[in-house]
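This report concerns only the one structure given below.
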Amino acid sequence: MLRLFNTLTRRLEIFRPITPGQVHLYVCGMTVYDRCHLGHGRMLVNFDVLYRWLTMSGYSVTYVRNITDIDDKIIDRAARNGESISALTERMIAFMHQDLTRLQVLPPTHEPRATDHVPGMISLIEQLMTKGLAYSGSNGDVYYSVRDFPDYGKLSGKSLEDLRAGERVARDGFKRDPLDFVLWKSAKPGEPQWPSPWGPGRPGWHIECSVMSECYLGEHFDIHGGGHDLQFPHHENEIAQSEGAHGHTFVNYWMHNGFLRVNDEKMSKSLGNFFTLDDIFNKYHPDVVRFFLMRGQYRSPLNYTDAHLEDARQGLNTLYTALRGRGVSDGAVDWEGEHEKAFRRALDDDLNTPEAVAELFALAHEVHRGGGDASATRLLRLARILGLLPQDPEAWFQEGAGLTVDTAVDDRERIEGLIAQRLAARQVRDFATADQIRQALLAEGVVLEDGAGGTQWRRT
RNA sequence: GGCGCGAUAGCAAAGCGGUUAUGCACUGGAUUGCAAAUCCAUGUAGGUCGGUUCGACUCCGGCUCGCGCCUCCA
C-alpha cells in the first residue's frame with residue numbers, strides 16, 4: 001500500500017486514486033531557456049521513479065509533464081542571443097530530451113507545450129472573469145484577484161496577511177492587491193503575441209499548467225508534482241486558478257522534491273556553482289548521477305560535491321561487479337522474495353529510495369555468497385525498476401566504470417596487446433615483467449584481473 | 001519579521017521506543033606468484049539541556065546551529 005507525503009496536508013497519506021487502477025499525474029517540467037542543470041535532473045528523476053513505481057504497482061498511469069516555451073526569460077534570452085524564440089526553445093528541448101535519455105528518464109505520456117494551449121488559457125481566464133476572480137488593469141494586463149479566493153494560501157500554509165507582511169512583493173499601480181498575479185500580459189512591441197478579448201498579448205506564468213493539466217487529465221486529478229520552490233507561488237496560483245474557475249478540488253496529492261545544493265551552498269549562477277547535466281556527464285556517467293540522486297530521499301535537501309559523486313560511483317561499481325559474468329535475464333519480479341518485499345515496502349513508504357537501494361546491496365552480497373545467477377537476476381530486476389544498472393557490466397567497466405573517458409578503439413587493442421605480452425611473461429614465470437605491465441596499466445586506470453578463465457581487465 | 005524543515009559514526013544516508021540499516025573510506029585475516037574482485041572479522045553514531053517511560057537516536061518541550069519559502073527559480 002503506497003503512502004505519499006502530501007504537501008497540502010503535510011502528512012503521509014495512503015494513496016487512493018480517484019478512479020481505481022488509474023493514476024493521473026502532472027509534473028511541472030522545464031521552462032526551456034537554458035540547459036537542464038542538476039537540480040532539474042533531480043526533479044525529473046524523482047518523478048520518473050514515481051511514474052515507474054506507480055506503473056510497477058499495477059496502475060495505468062497517465063503522466064503529463066509540460067514544457068513552458070513562452071515566458072519572460074525565454075524572450076530575454078532569445079533577444080540576447082539574437083535568435084528567434086522558437087529556435088531557442090527547439091534547441092533547448094532537444095538538449096533536454098538528450099539529457100533525459102541519458103539519465104534513463106522515461107518519456108511521459110504527454111509532453112504538452114504552453115504555446116499549443118493559448119486558446120485554452122484565454123478561455124480559462126474568461127471563466128475567471130465571469131466568476132469575478134479576475135480583472136483587467138488599466139495597462140491592459142489581466143490579474144487574478146487573490147482576496148476573492150478564500151482558500152488562497154492553503155498549499156503553502158500562508159495567509160494573505162503573512163504574505164503581505166513579507167513586504168517583498170513589488171507594488172505596482174495596476175493591481176488591486178500587491179499579491180494579485182498576472183494571468184494575461186498585454187503585448188509589447190517585438191514580443192510574441194496572441195489575439196484575446198483583452199487585446200493582443202501573451203499568457204502569464206501560472207495559467208498554462210492549469211490549462212494543460214485539465215486538457216489531459218481533467219479538472220480534478222490525482223497527483224501534481226514539482227520542485228519545492230514551485231509550492232509558492234506557482235502551485236498556489238494554479239490552485240487559485242483551477243479551483244476558482246471550476247469550484248471544486250483540483251488535485252488530491254501535491255508532491256514537492258527537495259532542493260539540490262552544491263558544496264553546501266544554494267546552486268546559483270552568481271556563486272558560480274551552477275552545473276548543467278551536460279557538464280557533469282563530461283566527467284561522470286549519467287548512471288552514476290542517477291544513482292547519486294537516488295541515495296537520498298526525495299524530500300530532503302541533497303548536497304552535490306565531487307566526493308559524493310565519487311562515492312556513488314564506487315557504490316554503483318559494487319552493484320555492477322555483482323553482475324559481471326553472471327547469466328541474468330530481465331523480466332518479472334518475484335515479489336515473494338525477502339529482499340523484494342523489503343524493496344517494495346521501502347518504495348511504498350513515500351519512495352524511500354535509499355532503503356530500496358540498500359536491498360540492492362543485500363542482493364549483490366548474496367550473489368557472492370552462493371546466490372549466483374539467481375541472485376544476480378533478482379538484483380538486476382529490482383534495479384531496473386529504478387532505472388538502474390541498464391548497461392552490460394563488462395562494457396560498463398571497460399568504458400570507464402562510471403567515469404567519462406576517451407575510449408578510442410586502438411586503446412583497447414593496445415591494452416589487450418599488453419595483456420598478451422604479460423601472459424607470455426607469466427608463462428615463463430617472468431613475474432618482474434608481468435608486474436611491470438600490471439603497474440603500467442594500473443597507472444593509467446586499467447586493472448588486470450587474473451582468473452580461472454584468463455585475464456580480464458577493467459577501468460577503475 | 002512571517003511560515004516551514006533539519007541536526008545520526010571519518011564522509012554520505014535510512015528505519016526503528018528495547019534486537020547489525022546500507023554505501024564509501026579505513027584496519028586485520030582468508031584467497032592470489034603479486035594483484036583485483038570476493039569472503040570473514042572489526043565501528044559502543046544520533047547537536048545540547050530537560051521531560052515522559054521499566055527503557056529513547058526514535059515521543060514532548062527549551063536552547064544552539066544550519067537550511068528553505070515569503071521575488072524569477074526544479
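Given the structure is predicted, the values throughout are model-derived calculations rather than measurements. Order of the sequence lines sets the chain letters (A, B, ...), proteins ahead of strands, with each chain counted from 1.
Nearer the 5' end of RNA chain B, as judged by each residue's closest nucleotide, is the contact made by A/Phe361, out of A/Leu230 and A/Phe361. With the nearest nucleotide of RNA chain B identified for both A/Ala358 and A/Ala434, A/Ala358 has the one nearer the 5' end.
Pairing for B/G10 goes to B/C24, judged as Watson-Crick or G-U wobble with the two contacts each under 3.5 Å. The nucleotide B/U19 finds no pairing partner, because no Watson-Crick or G-U wobble arrangement with both distances shorter than 3.5 Å includes it. The base-pairing partner of B/A37, taking Watson-Crick or G-U wobble contacts with both distances under 3.5 Å, does not exist among the strands shown. Using the Watson-Crick or G-U wobble rule with both distances under 3.5 Å, B/G68 pairs with B/C3. With a cut-off of 3.5 Å on both pairing distances, the Watson-Crick or G-U wobble partner of B/U48 is B/G62.
Here B/A12 is the nucleotide among B/G4, B/A21, B/A12 with the atom lying nearest to any side-chain atom of A/His308. In the set B/U38, B/U22, B/A74, B/U38 carries the atom at the smallest distance from any side-chain atom of A/Thr321. Residue A/Arg261 places its side chain closer to B/G68 than to any other of B/G33, B/G68, B/A74. Out of B/A13, B/C3, B/A74, the shortest distance to the side chain of A/Lys158 is found at B/C3. The listed nucleotides are B/G2, B/G4, B/A35; the one nearest the side chain of A/Asp162 is B/G2. Picking from B/G4, B/G23, B/A14 the nucleotide with the shortest atom distance to the side chain of A/Arg295 gives B/G23.
Salt bridge present: A/Arg35 and A/Asp99 bring a charged side-chain N and a carboxylate O closer than 4.0 Å. Contact check on A/Glu399 versus A/Arg459 returns no salt bridge, with no Lys/Arg side-chain nitrogen under 4.0 Å from an Asp/Glu carboxylate oxygen. Look at A/Asp278 and A/Arg102 and you find a salt bridge, because one of the NZ, NE, NH1 or NH2 atoms lies within 4.0 Å of a carboxylate O, short of that distance. A salt bridge is defined here as a Lys NZ or Arg NE, NH1 or NH2 lying under 4.0 Å from an Asp or Glu carboxylate O, and A/Arg77 with A/Asp71 fails to meet this definition. Using a cutoff of 4.0 Å between basic side-chain nitrogens and carboxylate oxygens, A/Asp349 and A/Arg345 are not scored as salt-bridged.
Here, B/A35 and B/U31 have their C1' atoms 11 Å apart, quoted to the whole Å. Rounded to the nearest Å, the gap between the P atom of B/A7 and that of B/A12 is 13 Å. Comparing B/G28 with B/G43, their P atoms sit 16 Å apart, to the nearest whole Å. The same atom, P, is picked in B/G1 and in B/G55; the two are 39 Å apart, to the nearest Å. Atom C1' of B/A21 sits at a distance of 36 Å from the matching atom of B/C34, rounded to the whole Å. The same atom, C1', is picked in B/A45 and in B/C16; the two are 15 Å apart, to the nearest Å. Comparing the same atom, P, in B/G29 and in B/A36 gives a spacing of 14 Å after rounding to whole Å. To the nearest whole angstrom, the two C1' atoms, one in B/C57 and one in B/A9, are 12 Å apart.
When heavy atoms are screened at a 4.0 angstrom cut-off, A/Leu448 is found touching base atoms of the nucleic acid. Residue-level contact check: A/Phe431 touches the bases, meaning some heavy atom is under 4.0 Å from a base atom. A/Arg426 comes within 4.0 angstrom of a base, heavy atoms only. Residue A/Gln314 is classed as a sugar-phosphate contact, given heavy-atom separations below 4.0 Å to backbone atoms only. A/Asp229 comes within 4.0 angstrom of a nucleotide base, judged by non-hydrogen atoms across all strands. Within the 4.0 angstrom heavy-atom criterion, only backbone atoms of the sugar-phosphate kind lie near A/Gly29; the bases stay farther away. At the heavy-atom level, A/Asp450 lies under 4.0 Å from base atoms of the strands shown. Contacts of A/Leu360 with the nucleic acid, taken as non-hydrogen atoms under 4.0 Å apart, are absent. Within 4.0 Å of A/Arg438, counting heavy atoms only, lies at least one base atom of the nucleic acid. Note on A/Gly39: a base of the nucleic acid sits closer than 4.0 angstrom, heavy atoms only. Nucleic acid contact for A/Thr460: none, since no nucleic acid atom lies under 4.0 Å from a heavy atom of the residue.
Remark: the A/Glu366 side chain and the A/His339 side chain contain an N/O donor-acceptor pair separated by less than 3.5 Å. Counting only N and O atoms by type, the side chains of A/Asn282 and A/Tyr284 include no donor and acceptor under 3.5 Å apart.
Separation of atoms CZ (A/Phe174) and CG (A/Asn139) is listed at 4.5 Å; rounding is to 0.5 Å.
The CZ atom of A/Arg422 sits 11 Å away from the P atom of B/G33 (whole-angstrom rounding). One atom, NE2 of A/His368, and another, P of B/C40, lie 11 Å apart when rounded to the nearest Å. As rounded to whole Å, 11 Å separates atom P of B/G68 from atom NE2 of A/His228. With rounding to whole Å, A/Asn237 atom CG is found 14 Å from B/C69 atom C1'. Remark: P of B/C16 and CG of A/Leu12 are 10 Å apart, rounded to the nearest angstrom. The interatomic distance linking A/Gln297 (CD) with B/C5 (P) rounds to 15 Å, in whole Å. Atom-to-atom, CZ of A/Arg429 to P of B/C34 comes out at 10 Å; the value is rounded to the nearest Å. Look at CD on A/Glu355: it is 10 Å from P on B/A14, rounded to the nearest Å.
Proximity of A/Ser159 to the phosphate of B/G2: no side-chain N or O atom is located under 4.0 Å from OP1 or OP2. Taking only side-chain nitrogens and oxygens, A/His365 never comes nearer than 4.0 Å to OP1 or OP2 of B/U20. Under 4.0 angstrom from either OP1 or OP2 of B/G15 there lies no side-chain N or O belonging to A/Arg345.
For A/Asp435 against B/G33, a side-chain N or O and a base N or O form a donor-acceptor pair under 3.5 Å.
A/Phe259 does not qualify as a stacking partner of the B/G68 base, lacking a centre-to-centre distance under 5.5 Å together with planes within 30°.
Side chain of A/Asn6 to backbone of A/Arg11: no donor-acceptor contact under 3.5 angstrom is found.
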